[in-house]
Trainee: 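What follows is a structure written as structure tokens; I'll ask about it next.
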Amino acid sequence: MNTVDYDRALYYTHRSEWDNLLILMVRTKDDFLSKNIEHFLHSYNFSKDYKEIEKNLYQLLRYIDHAVTRSTEDHLDELSHGYMV
């Protein structure tokens, strides 16, 4: 899995580049990332409850962390199996 989308999502979120985050939401092949971005942007734009916005932001950030960690573990597994053959 290519981690570029996760890096971009983290960067755009950190820089408050909501337009770029929206474009990433549409273009990414990761449905879970897209859905988390959608929930966050929707709550950011329409919710008056700060706790809801914060919850969706942390959910997005947790997913990015999970996906990058999982991707790294998969990559290390591929490398270790490649050298053992």
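Residue numbers start at 1 and run along the sequence shown. Because the structure is a prediction, the values reported are computed rather than measured.
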Trainee: When you compare the side chain of Leu21 with that of Leu41, does any pair of heavy atoms fall below 4.5 Å?
Mentor: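 With C-beta onward as the side chain, the pair touches.
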Trainee: What about Ile23 and Tyr6, same hydrophobic cluster or not, with Ile/Leu/Val/Met/Phe/Trp/Tyr joined at side-chain heavy-atom distances under 4.5 Å?
Mentor: no
Trainee: Any ion pair linking Lys51 and Glu54 (charged N to carboxylate O, less than 4.0 Å)?
Mentor: no
Trainee: Can you name the closest pair of heavy atoms from Ser43 and Ile53 and give their distance?
Mentor: O-CG1, 3.4 Å
Trainee: Side chains of residues 33-40: which donor-acceptor partners sit under 3.5 Å, not counting sequence neighbours?
Mentor:
residue, atom, partner, partner atom, Å
Ser34, OG, Met25, O, 2.9
Lys35, NZ, Glu38, OE1, 3.2
Asn36, OD1, Gln59, NE2, 3.4
Asn36, ND2, Phe32, O, 3.0

Trainee: Write out all pairs satisfying ring pair (Phe, Tyr, Trp, His ring centres under 6.0 Å) with one or both partners inside residues 47-68, taking only residues at least two apart or from two chains.
Mentor: none
Trainee: Strictly distance-based, threshold 3.5 Å: is any side-chain N or O of Thr69 a donor or acceptor partner for the main-chain N or O of Asp65?
Mentor: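 Answer holds: yes.
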Trainee: Within a strict 4.5 Å, meaning less than it, do heavy atoms of the Leu60 and Ile64 side chains meet?
Mentor: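 Leu60 reaches Ile64 side chain to side chain.
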Trainee: Measuring from atom CG of Leu24 to atom CG of Asp7, what distance do you get when rounded to the nearest 0.5 angstrom?
Mentor: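 It is 10.5 Å, given to the nearest 0.5 Å.
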Trainee: Between side-chain atoms of residues 10-18 and protein atoms elsewhere (two or more places apart, or another chain), which donor-acceptor pairs fall under 3.5 Å?
Mentor:
residue, atom, partner, partner atom, Å
Thr13, OG1, Ala9, O, 2.7
Glu17, OE1, Asn20, ND2, 2.8
Trp18, NE1, Tyr44, OH, 3.4

Trainee: Around atom CG of Asp49, are there more than 12 heavy atoms of other residues, nucleotides or ligands at under 6.0 Å?
Mentor: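 Buried by this count: over 12 neighbours within 6.0 Å.
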